[in-house]
Amino acid sequence: MIFFSMLLLGTLIGFVGAGGAGVVITLLTVGFGVPIHTALAVALASMVFTTLSGTISHFREHEVVVRTGAVMGASGALGAFLGAEVSNILPSKELGFMTALMILLSALILYVKIYHPQFLDRHFHVRAEMLAGKRLILYGVSLGIFNGFLSGAFGIGAAAFIQLTLLCVFGVPLLQSIGTCMMVILPISAAGGLGYLLNGRLDPNIFVQTLLGLMMGAFFGAKCTHLAPRPILKAAIVAMPAVGGVIMMIWH
């Protein structure tokens with residue numbers, strides 16, 4: 001049942017082009033009664049494989065700022081591993097509440113970004129030039145650890161936070177921020193997944209079912225994206241994490 005549920009969810013994720021890590025966590029915990037720590041482990045470990053192909057594709061299209069992505073990704077991996085360690089000692093109830101809060105915050109950022117971009121322009125100014133030198137290292141390490149910690153502790157990809165950071169702090173252009181964000185998430189999800197694995201939180205059976213279902217579903221869903229009206233796609237991108245976060249909040 002987990003495989004077929006993830007197959008349907010993966011189709012929806014591929015259709016709207018959203019990551020859906022928060023929805024995966026919600027489905028596993030609320031729908032199948034999987035312990036929250038195991039659900040976070042599965043979501044993070046799955047992202048290693050679901051973001052790999054996207055990262056390679058963006059790299060081939062020269063849509064990745066490699067130096068910025070490498071600094072944030074390497075430091076983010078450390079933060080994710082530490083986050084997984086902290087998550088491991090948190091009680092399930094508190095961890096579920098914090099995870100739901102992070103999913104809802106991600107949905108809010110997506111909503112503002114999609115429907116009120118002028119608000120972001122007024123309050124979060126995009127840098128005209130990309131950071132370089134010592135400032136890139138300083139900001140990259142500190143913000144990489146911060147974003148990685150959020151992802152590792154609460155099992156989300158933190159894509160909304162990472163992309164906003166790349167745009168506003170590092171001056172990465174919008175198109176390249178998407179590919180660079182995927183590059184950053186790759187080592188973060190790998191390190192976070194490893195942290196949960198070492199703590200015995202990663203269930204191989206649930207992981208395999210989830211991964212196969214998501215990847216197969218996303219493949220077919222992506223082929224239908226062009227058939228949907230743009231307003232529906234925009235609404236679905238925001239609605240997925242919003243609904244997942246609300247259900248998670250009520251459940252926990």
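Values below: all heavy atoms of this structure, side chains included; hydrogens, waters and symmetry mates excluded.
By the 30° and 60° cut-offs, the orientation of the rings of Y139 relative to F170 is perpendicular.
Between L167 and V172, every side-chain heavy-atom pair lies at or beyond the 4.5 Å cut-off. Between F32 and I206, every side-chain heavy-atom pair lies at or beyond the 4.5 Å cut-off. Put simply, the side chain of F59 does not reach to within 4.5 Å of the side chain of M183, judged on heavy atoms. Inter-residue side-chain proximity for I56 and R60 is flagged as met; some heavy-atom pair is nearer than 4.5 Å.
For the pair D203 (side chain) and N205 (backbone), a donor-acceptor distance under 3.5 Å is present. Counting only distance, with no hydrogens or angles, the side chain of N147 and the backbone of L143 share a donor-acceptor pair below 3.5 Å. Of the possible donor and acceptor atoms, none in the side chain of Y111 sits under 3.5 Å from a partner among the backbone N and O of A235. Using a distance-only test at 3.5 Å, with no hydrogens or angles considered, no donor-acceptor pair links the side chain of S87 to the main chain of G83. Using modelled atom types, no side-chain atom of H62 and backbone atom of Q176 make a donor-acceptor pair closer than 3.5 Å. Side-chain atoms of T68 never come within 3.5 Å of backbone atoms of V65 as a donor-acceptor pair (strictly under, hydrogens ignored).
Distance CE/M98 to CG/L150: 8.5 Å, rounded to 0.5 Å. Annotation: the span from K93 atom NZ to L95 atom CG amounts to 12.0 Å, rounded to 0.5 Å.
Taking all atoms of both residues into account, the shortest heavy-atom contact from Q163 to C181 is N-SG, 4.2 Å. Across every non-hydrogen atom of S46 and L214, the tightest pair is CB-CD1, 4.4 Å. P241 and I103 make their closest contact through O-CG2, 3.1 Å (heavy atoms, listed as atom of the first residue, atom of the second, distance). The two residues M6 and L27 make their nearest non-hydrogen contact at CE-CD2, 3.8 Å. The minimum heavy-atom distance between A41 and R201, with the atom names listed, is CB-O, 3.8 Å. Contact record, M72 with V184: CB-CG2, 3.9 Å, taken as the closest heavy-atom pair.
Taking a 6.0 Å sphere around CZ of F3, one finds it holds more than 12 heavy atoms contributed by other residues, nucleotides or ligands. Heavy atoms of other residues, nucleotides or ligands lying less than 6.0 angstrom from CZ of F4 number 12 at most.
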### F149 and V86: CA distance, side-chain angles, deciding distance, side-chain contact (heavy atoms from CB on, under 4.5 Å) verdict
CA-CA 9 Å; F149 182 86; V86 171; 3.7 Å; yes

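The residue from I36, V34, V23, L40 that alone fulfils the side chain to side chain contact (heavy atoms under 4.5 Å, CB included) condition with L28 is V34.
By the criterion of side-chain heavy atoms lying less than 4.5 angstrom apart, applied directly or through intervening Ile, Leu, Val, Met, Phe, Trp or Tyr residues, M1 is grouped together with F207 in one hydrophobic cluster. No chain of hydrophobic side-chain contacts below 4.5 Å, direct or via other Ile, Leu, Val, Met, Phe, Trp or Tyr residues, connects L8 to M216. One hydrophobic cluster, built from ILVMFWY side chains closer than 4.5 Å, cannot hold both I162 and V64; they sit in different ones.
Side-chain contact, Y196 with T38: no donor N or O sits under 3.5 Å from an acceptor N or O.
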